[in-house]
Amino acid sequence: MARAMSSHSAPAWAAKALRALIMTAFIVGSAQTLTAASVLFGAGQSHSGWLVMESDAVNAAAPAGKLLHIPGDGVSPGLAIPARSLPELPMALAAWGDRVSMVFAPRERKEGAVSGGSLASVRSLTATPAPAPGFYIYEPEGRFTVEPSLPVQGELIGFVDTRWGLVALQRDEGGAISLSALWGVDWTVIDLPKSIKGAVDHLELLAVGDGFALLVRDDAQTALLWQADRVAPAPVEQQSGTESASVETDEEAIIVQPRHEVKWTRRDVASLTPEEQLISAGDRLLAASRTDASVSLSLIADSGHVAVARIENAPQDAVIFSVGEKICLAWREAEEARPHLIIVSAITGRIFYDDFGAVPTLLPLEDIQFLGILLSAVVLTILVFLLKPEAASRQAIDLPQGAAMAEPGQRLFAALIDIAPALFGAQAIWGVSALELLAFPLQSPAAGGIWPLLTAIGIYAAHSAAGEALAGRTLGKALLGLQTVSIAGGRPTPWQALSRTVIKAVAPPITLFVVVDPNRRHAGDIVAGTLVIRKTPPASNDESAQSE
């Protein structure tokens with residue numbers, strides 16, 4: 001988020017310094033590293049995305065994998081934060097809000113249990129933002145929350161999380177489908193719509209919005225989406241002794257159970273091939289189509305598919321999931337310990353990030369940039385006013401006849417005029433707007449990283465130093481009637497012009513010393529031995545007579 005430089009008052013500086021100390025204390029001892037791994041699968045919802053990566057470590061005592069957290073809105077895109085080591089790899093992953101849940105391979109029930117069959121353990125973890133921006137506290141600390149185990153009815157073919165709780169879709173050996181939900185203290189079976197009861201070959205469970213849906217595909221490139229919504233459960237006294245009932249029409253079916261009431265709404269999804277992946281981003285449905293070297297995203301609307309983005313160089317094994325209104329693609333490249341992430345807007349198709357997953361730094365990037373500029377100004381000030389006070393401040397200043405020291409306001413407007421060619425030149429080269437370049441010290445880097453800013457600084461330094469060395473004026477000074485002169489008289493030498501310009505360009509805040517310096521010189525002027533003057537109108541005859 002861009003912010004004006006003037007918003008950083010002295011109390012804000014102190015607050016930033018205090019926050020830096022707090023963040024450092026929070027981070028010490030918490031650094032985690034990733035071993036080389038393969039991305040298995042990912043899941044995401046409104047606030048966070050999650051990845052499971054398999055470890056390549058050959059040590060039997062090493063973790064089997066790593067759970068990575070992909071934060072959503074509100075932080076710099078591209079973070080892949082190690083959240084927990086995994087002693088074993090899960091079968092499936094589900095996410096909602098800032099919570100992630102995993103279901104692991106089933107184990108046989110102990111002898112003497114009330115009923116037979118197997119149970120699959122379920123574990124969850126919640127991410128809470130820490131005081132340090134970009135860092136999170138994962139609760140419970142050092143472990144996972146143990147959820148009620150999932151009764152195994154066959155093969156697990158779907159696992160999602162909703163605002164009501166977890167939902168699992170299973171298929172038994174005979175092909176029969178069962179749907180169950182953890183919407184309380186135990187798993188409860190949910191009746192399916194009549195049209196998809198029994199054996200269904202192409203059935204998927206999706207997280208859609210805050211709820212879930214069932215997707216039925218056929219060979220005619222059409223699909224039927226049954227979206228579920230839980231309504232208020234019936235009072236307990238009305239539930240006892242009741243049997244599950246089902247009522248279905250052409251448009252919807254309502255299933256009433258002893259503990260839950262679920263509303264199913266049907267929606268036709270046309271032109272969805274068996275190879276396309278259906279993804280929910282908020283309330284939007286998108287289709288992801290893969291080729292050998294790209295992934296195409298299209299919005300599913302009533303009128304058909306609307307192209308959103310085409311992402312090149314995405315491998316076939318990339319996992320695709322949503323994080324809020326963004327789509328994340330993740331895969332692991334050879335010999336790389338971090339996953340490669342591409343984060344794209346599900347609305348505009350704009351790519352926000354395309355690089356290996358990053359880890360949080362000790363300070364947010366905007367604070368590092370701001371403190372870096374502030375530190376450079378302080379260092380230069382010390383060099384000028386403490387290390388060379390005698391030579392710099394005791395030079396005699398002899399203004400040319402008919403000249404006066406330039407006003408700070410005039411110098412500011414001249415500097416703004418001089419900056420304009422540099423900003424627009426960098427914009428033409430890198431495609432980064434002038435406003436983004438001006439706000440760079442206070443926000444995350446735009447496309448191209450720091451190079452657009454360095455390009456603008458280079459253009460500014462080159463044309464300003466050349467103008468002052470050749471004519472004693474930059475473009476802005478010429479328009480406002482100002483001139484740079486050497487204290488020794490005449491135009492600045494090339495070295496004087498270059499040194500004063502470089503100091504201004506590297507540490508812009510240091511130029512504010514023209515306001516407090518008696519001779520209206522900033523550090524660049526003092527180091528270079530220069531002045532900025534303006535012409536004064538000649539005195540009238542009446543004024544001359546009065547002076548005599």
Engineer: With rounding to the nearest 0.5 angstrom, report the CG to CD1 distance, Leu329 to Ile311.
Structural biologist: 4.5 Å
Engineer: If we only count heavy atoms from C-beta on, is the Asp98 to Thr128 side-chain gap below 4.5 Å?
Structural biologist: no
Engineer: Of Ile279, Leu215, Leu225, which is the lone residue that meets side-chain contact (heavy atoms from CB on, under 4.5 Å) with Leu285?
Structural biologist: Leu225
Engineer: Could you state the interatomic distance from CZ (Arg171) to CD1 (Ile157), rounded to the nearest 0.5 Å?
Structural biologist: 4.0 Å
Engineer: For Ala207 versus Val160, what's the shortest heavy-atom pair and its separation?
Structural biologist: N-CG1, 3.6 Å
Engineer: At what distance, to the nearest 0.5 angstrom, does CD1 of Ile342 lie from CG of Asn313?
Structural biologist: 7.5 Å
Engineer: Quick check: do Ser48 and His69 have side-chain heavy atoms less than 4.5 Å from each other?
Structural biologist: yes
Engineer: Name the orientation class of the two ring planes belonging to Trp264 and Phe212 (parallel below 30°, tilted from 30 to 60°, perpendicular beyond 60°).
Structural biologist: perpendicular
Engineer: In Å and rounded to the nearest 0.5 Å, what is the OG1 to CH2 distance from Thr188 to Trp183?
Structural biologist: 9.0 Å
Engineer: Locate the shortest heavy-atom distance separating Cys328 from Ile343; write the atom from each residue and the value.
Structural biologist: SG-CG1, 4.2 Å
Engineer: Checking the side chain of Gln170 only, and the main-chain atoms of Gln153 only, is there a donor and an acceptor separated by less than 3.5 Å?
Structural biologist: yes
Engineer: Applying salt bridge (Lys or Arg N to Asp or Glu O under 4.0 Å) to Arg332 and Glu54, what does each step give before you reach the verdict?
Structural biologist: CA-CA 10 Å; Arg332 185 244 172 149; Glu54 182 180 8; over 6 Å; no
Engineer: Is there side-chain contact between Leu150 and Leu119, with at least one heavy-atom pair below 4.5 Å?
Structural biologist: no
Engineer: Going by an N to O cut-off under 4.0 Å, is there a salt bridge joining Glu276 and Arg290?
Structural biologist: no
Engineer: Check this for me, if you would: do Arg284 and Glu325 make a salt bridge, where the nitrogen-to-carboxylate-oxygen distance has to be below 4.0 angstrom?
Structural biologist: yes
Engineer: Strictly below 4.0 Å, N to O, side chains only: are Arg310 and Glu312 in salt-bridge contact?
Structural biologist: yes
Engineer: For Thr162 and Val167: C-alpha separation, side-chain torsions, deciding distance, then whether side-chain contact (heavy atoms from CB on, under 4.5 Å) applies.
Structural biologist: CA-CA 8 Å; Thr162 70; Val167 180; 4.3 Å; yes
Engineer: Check whether any side-chain heavy atom of Leu278 lies under 4.5 Å from a side-chain heavy atom of Ile300, and answer yes or no.
Structural biologist: yes
Engineer: Testing Ser124, Ser121, Ser101 one by one against Glu147 for a side chain to side chain donor-acceptor pair (under 3.5 Å), which residue passes?
Structural biologist: Ser124
Engineer: State whether the number of non-hydrogen atoms from other residues, nucleotides or ligands found under 6.0 Å of Gln316 atom CD is greater than 12.
Structural biologist: yes
Engineer: Find the distance between CG (Leu272) and CG (Leu224) and round it off to the nearest 0.5 Å.
Structural biologist: 11.5 Å
Engineer: Under a 4.5 Å cut-off applied to non-hydrogen side-chain atoms, are Asp229 and Trp164 in contact?
Structural biologist: yes
Engineer: Is a donor from one side chain sitting under 3.5 angstrom from an acceptor on the other, for Ser85 and Lys66?
Structural biologist: yes
Engineer: Which atom names give the shortest non-hydrogen contact between Leu297 and Ala288, and what distance separates them?
Structural biologist: CD2-CB, 3.7 Å
Engineer: Side-chain contact test, heavy atoms from C-beta onward, threshold under 4.5 Å: evaluate it for Pro151 versus Trp187 and give yes or no.
Structural biologist: yes
Engineer: Do Ser298 and Leu286 touch side chain to side chain, with heavy atoms closer than 4.5 Å?
Structural biologist: no
Engineer: If I take atom CG from residue Leu179 and atom CD1 from residue Ile190, how far apart are they, to the nearest 0.5 angstrom?
Structural biologist: 5.0 Å
Engineer: Any side-chain to backbone donor/acceptor pair from Ser345 onto Ile347? Under 3.5 Å, distance only.
Structural biologist: yes
Engineer: For the residue pair His340 and Trp331, does the interplanar ring angle fall in the parallel (under 30°), tilted (30 to 60°) or perpendicular (over 60°) class?
Structural biologist: parallel
Engineer: Do Arg99 side-chain atoms and Thr126 backbone N/O form a donor-acceptor pair below 3.5 Å?
Structural biologist: no
Engineer: Does Val122 reach the side chain of Leu182, with side-chain heavy atoms less than 4.5 Å apart?
Structural biologist: no
